[in-house]
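One structure is given here, and the rest of the page talks about it.
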2 protein chains.
Amino acid sequence: MKCAHTHTDPILLLSQNGIRPTKIRKAIVGLLFDGHDKHVSVDDVIGMARASDIKTSVASVYNTLNHFTDAGLLRRITMDGGRTFFDTNLSEHHHYYFEDEERLEDIPQGVMKLQGLPKLPFGRRIKSVGIIIRV
Amino acid sequence: MKCAHTHTDPILLLSQNGIRPTKIRKAIVGLLFDGHDKHVSVDDVIGMARASDIKTSVASVYNTLNHFTDAGLLRRITMDGGRTFFDTNLSEHHHYYFEDEERLEDIPQGVMKLQGLPKLPFGRRIKSVGIIIRV
DNA sequence: GTGTTTGCAAAGTGTTTGCAATTTA
DNA sequence: TAAATTGCAAACACTTTGCAAACAC
């Protein structure tokens, strides 16, 4: 079982994914992978960093989150208006979107199922399935 | 049955939805509701307008598409990178997203079903369900 | 020491807004 | 004619880029 409340060692998490454990990367990993799944925006991370007295820049946060996403440490989710969230939960799952709060929340796994997947267009295979329930 | 190949009268479509039938609105409705479902970006519409010798501006196309969306004539879909599409098909349906072509396509209706909808967060009701299958 | 990363400011992209001129009912 | 709409340019929000200084190995 994947335990959502295990605090992985930041340096390990980075080096295991082939990412150089630099100062701000360690700091941001520490902020994001604290044992609780999160859906954060770039601004959220900048705010969290500031609140933790981690000095960095907008560009570096973008660099870092993009790099983490490419390395498979985060999942990117784009909502209406181009609002981008980074999801720390990589297991297959879907989301509620609270329109009034502009906030994502995981849908508990294992209950919801998609039935009757239609034929795919010729020569295509499914890369991923995203379900968002707006509430 | 909703027929996707009926060419609705542009002026009627506008006035029935409480939208003033101005020149560019009629033109854009004519471009979009030609009997074939479409997923267009703002740039697409600007291109289509230009190709039809309809003189307008970026701002007016944004105004018009946003207005149509608010009035329930179009449905807005935002993809990764903030790419926005406007869908002329308002019936309940879902989409394939062709990643390499950055293009949406309707999934034929009636085959796919979502089973076991989980309990909603307290005090919430479903506003919409969006399913996107990346291929 | 060498190659990578950081962080600033500048540039880029997509979208909205202010406003005078125009159009619509 | 009064109210709404158009279209230009400027403003805006978000994201990426260029590059010199700092850092990691």
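Below, read A as the first sequence line, B as the second, and so on, with proteins coming before strands; counting in each chain starts at 1.
- Note: CD1 (Ile46(B)) to P (dC8(D)) measures 11 Å, nearest angstrom.
- Here the nucleotide nearest the side chain of Asn63(A), chosen from dG7(D), dT6(C), dT15(D), is dT6(C).
- Residue Tyr62(A) places at least one side-chain N or O closer than 4.0 Å to OP1 or OP2 of dT15(D).
- If you check the side chains of Ser41(A) and Asp44(A), you find a donor sitting under 3.5 Å from an acceptor.
- Neither OP1 nor OP2 of dT6(C) sits under 4.0 Å from any side-chain N or O of Thr56(A).
- Side chains of Asn89(B) and Ser91(B): a donor-acceptor N/O pair is present below 3.5 angstrom, by distance only.
- At least one side-chain nitrogen or oxygen of Thr84(A) sits closer than 4.0 Å to the OP1 or OP2 atom of dT15(D).
- OP1 or OP2 of dT6(D) sits under 4.0 Å from a side-chain N or O of Thr22(B).
- Residue whose closest nucleotide on DNA chain D sits further toward the 5' end, between Arg20(B) and Ser60(B): Arg20(B).
- Classification of the His95(A)-His39(A) ring pair by plane angle, with boundaries at 30° and 60°, yields perpendicular.
- Taking 4.0 angstrom as the limit, Arg25(A) places a side-chain polar atom (N or O) nearer than this to OP1 or OP2 of dT5(C).
- Of the listed nucleotides (dT16(C), dG7(D), dT15(D)), dT15(D) has the atom at the smallest distance from the side chain of Val42(A).
- Mapped onto DNA chain C by nearest heavy atom, Pro21(B) and Lys23(A) fall at different nucleotides, with Lys23(A) at the one closer to the 5' end.
- The closest side-chain donor-acceptor pair between Ser60(A) and Asn63(A), if any, does not fall under 3.5 angstrom.
- Along DNA chain C, the nucleotide closest to Ala59(B) and the one closest to Val58(A) are compared, and the more 5′ of them pairs with Val58(A).
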